[in-house]
K.L.:
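Here it is: the structure, laid out below.
Lettering follows sequence order; numbering is per chain, from 1.
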Amino acid sequence: MTDYLSGLNEPQRQAVTHGDGPLMIIAGAGSGKTRVLTYRIAYLIENGVDPFRILSLTFTNKAAGEMRQRIEKAVGYEARNIWMGTFHSVFAKILRIEARYLGYTSDFSIYDTDDSKSLLRSIIKEYKLDDKVYKVNVVFNRISGAKNRLVSADDYLNNALIQADDAAARMPEIGRIFKAYTMRCFQANAMDFDDLLFNTNILFRDFLEVLNKYQHKFKHVMVDEFQDTNVSQYLITRKLSAVHRNICVVGDDAQSIYAFRGANIENILNFEKDFPDVRTIKLEQNYRSTQTIVNTANSVIARNKAQLKKEVFTHNDEGTLIDVIKANSDNEEGRLIATAIFEEKMQQSLTNSHFAILYRTNAQSRAFEEALRKLGVKYRIVGGLSFYQRKEIKDLLAYLRFIVNQQDEEAFKRIINLPKRGIGDTTVAKIAVTAAEHNVSIWQVTGHIHQYVSGRSTTPIEQFATLIKSYMLLVEQGKDAYEMASHVAKTSGLLRELYEDKTVEGLSRYENIQELLNAIKEFVDNADNEDKTLSAFLQSVSLLTNADEPDDDGDTDRVTLMTIHSAKGLEFRNVYIVGMEEDLFPSQMMLESRQDLEEERRLFYVAITRAERKLTFSYAESRYQWGRLKMCEPSRFLLEVDQRYLNTSKTTRSLNERETSPSPMAFLKNMTPRSATSRPAASSAHVPSSDFKASDTSTLSEGQRVEHPKFGFGLVSQIDVNGTDRKAVVKFDTAGEKTLLLSFAKLRILE
DNA sequence: CTTCTTTACCTTTTT
DNA sequence: GGTAAAGAAG
């Protein structure tokens, strides 16, 4: 028996040593899931399974990398040979090998979401459809959703139900757009994120010899975060494991937070149908958190109806109560949290990396960044506008993409006039039309422009084509990714343009390009990467997840700021869940569009269970949104927590209200989220809210004096009309220079 | 064709 | 408030 097994509890040990046959592990939060998965792979290798024949699918590349390291510790360098990565990266790799079966070349481009939307925008325009009706985001989501259910463009068009749906939504042309989009991607030798999975399914469906090859190759298939896989992903793994039937899935239905992108909890139920001989093991003991945290999490998730039976418990100590912090504004919330972290760090002698601030949306990070910076606390932000989404980075990458794949329409559009060559939109459109008319590629037209078009702009176009050809020649001569990238940066004029820009942004862009070049150098120097071509680099870079961002320097002792979604799978000693306000968390959009409070609640559950020792909730009463102040109510989730576990004494600290304010507990109990009319009485010093009657504000105009139940008297300085949404900008006497944007309903006209 | 100005939309979450 | 598309002017 291997020695690492001794540290495991019984269900963990069973999961690790389970031999052949399907296995499902339902792993509660903090139950040592990663450990089990790691040991299980190590165990298989020790028992003679060839690492080459293990496929392990994880949620982020980083998770894969860490797991690989841990396995390496147990079984040695052989761990390098395991097929490990995200669904997208592993199947992109397979598609690259088998591209020709699908009519692609192995140099196919991967369109990110921006590319996809840009292409959709073009198509909607070309079809002369109203882009107010056909909103790119909506169209994109419809198409993406279809592909994740393995519905092709033709299926989509032939499906009466879907067509009726689209007609009802007054977007009957989505099917046609879908079809055109698919064709354009194919012509561009490009796949979007969904295509990587969709096309893998097609590959395995239509080319049995290919399916066979991989079915026999992978003796063991493991899927982590199984609750977040969609149908398309599930079918791939099911097919791959059909021969050996050694499929091991690990998941927790309580942590399913990606239904919005097609993840399907049903997969867990289907799994038992598809593999009737499955062995199911539940890991229910939490090793991560205090009893208070575990119990809090349980009290929250217990409200959900859709869930599997599971009893998460811990033998850890009770721990401290959960602090609840109330702030006047988002900025104050930032200051209070930053201060709390600073003090806690000093008192408990902790390091920055013990702390994480988790929020619902990326936009919330700003206030915390500012406050932490002022206190001199180092932090890192995961996600948000990632490095690879910055303009200058995408520009250089577009050059590289086009050099590798001249069919890449989106890359072409990006670089044809960058730096400025005097080639405008009209010319680009002319090229596109000409290409379509003659049924040739854009590159064919660009490369032989005089054959197709005559005009003044032919000279710069010829120069552009010559430039690209010179780059292509270098690739053929075997230059690696780094040599190519630095050569292109220098000779294309991109770097020069940024160098000449002496503004702060220009400087930072210049540095970003340098940083990208460093990253490429690292890629080339990394011995693990056998293929050092530009093409290989591009494939790897387009599938980085936002958890995969390189740390900007060696200083890893930083407070972590990120969305709850990004925090999945991580743990921190102290966790601050901030922005606990109705309409923010739970998100208004989620409630409106999908009416799915349960997924938001699972998200809350995930956030809570990230904490090991100490948890803090905070919310603000007002928040800047689109540059204007907006009033907020505490989240209903604060009421869903078993109140015994909360310490609300800190909610008073920030109150700049009168002595008459109620105790924080009373405040929490009285509040009724989502009903704007019944604010707690005591928060209005001027008018008890029960007496407050809004007057008819249809005649509200600038310069009028008004009264608000909470803020008292003020002067309307401006009327803000945004579509049907009319709001008043009111300057309040009490709030000093504060100007608030308020809906009419809460205002009473005086005089 | 470029540059400057105006307008609209935006904020869920991510591969 | 910040971006990106559209409009106006040179």
K.L.:
Check the distance between B:dC10's P and A:K132's NZ and give it to me in whole angstrom.
P.N.:
11 Å

K.L.:
Rounded to whole Å, please give me the gap between CD1 in A:I257 and C1' in B:dT14.
P.N.:
10 Å

K.L.:
Would you call A:R121 and A:E126 a salt bridge, using N to O less than 4.0 angstrom?
P.N.:
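No.
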
K.L.:
CG of A:N137 versus P of B:dT11: gap in Å, rounded?
P.N.:
6 Å

K.L.:
What is the separation between atom CZ on A:R390 and atom P on C:dG2, rounded to the nearest whole Å?
P.N.:
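Result: 15 Å.
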
K.L.:
Touch check for A:F87, heavy atoms < 4.0 angstrom, all strands: base, sugar-phosphate only, or nothing?
P.N.:
nothing

K.L.:
Can you tell me the base-pairing partner of B:dT2? Count Watson-Crick or G-U wobble geometry only, both distances below 3.5 Å, and say none if there is no partner.
P.N.:
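C:dA9 is the nucleotide pairing with B:dT2.
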
K.L.:
Have a look at A:S89 and say if it touches a base, only the backbone sugar-phosphate, or nothing, with a 4.0 Å heavy-atom cut-off.
P.N.:
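Contact class for A:S89: none.
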
K.L.:
Between A:H565 and A:I423, who's closer to the 5' end of DNA chain B by nearest nucleotide?
P.N.:
A:I423

K.L.:
Determine whether a donor-acceptor pair (one donor, one acceptor, N or O, separation below 3.5 Å) exists between the side chain of A:S587 and the base of B:dT11.
P.N.:
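It does not, because no donor-acceptor pair links the side chain of A:S587 to the base of B:dT11 below 3.5 Å.
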
K.L.:
Checking side-chain hydrogen bond (donor to acceptor under 3.5 Å, both in side chains) between A:E410 and each of A:S122, A:S109, A:S118, A:S116, which is the one that passes?
P.N.:
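Testing A:E410 for a side-chain hydrogen bond (donor to acceptor under 3.5 Å, both in side chains) against A:S122, A:S109, A:S118, A:S116 leaves exactly one candidate, A:S118.
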
K.L.:
So what does A:D112 hit on the nucleic acid, given a heavy-atom distance under 4.0 Å: a base, only sugar-phosphate, or nothing?
P.N.:
nothing

K.L.:
Can the positive tip of A:K568 be found less than 6.0 Å from the middle of the six-membered ring of A:F59, inside 45° of the ring normal?
P.N.:
yes

K.L.:
Has A:F260 got its ring stacked on the base of B:dT13, with centres under 5.5 Å and planes less than 30° apart?
P.N.:
yes

K.L.:
Would you call A:K374 and A:E370 a salt bridge, taking side-chain N to carboxylate O under 4.0 Å as the test?
P.N.:
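No salt bridge links A:K374 with A:E370.
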
K.L.:
What is the distance, to the nearest angstrom, from the CZ atom on A:F464 to the P atom on B:dC1?
P.N.:
15 Å

K.L.:
Closest nucleotide of DNA chain B for A:G424 versus for A:K135: which of these residues is on the 5' side?
P.N.:
A:G424

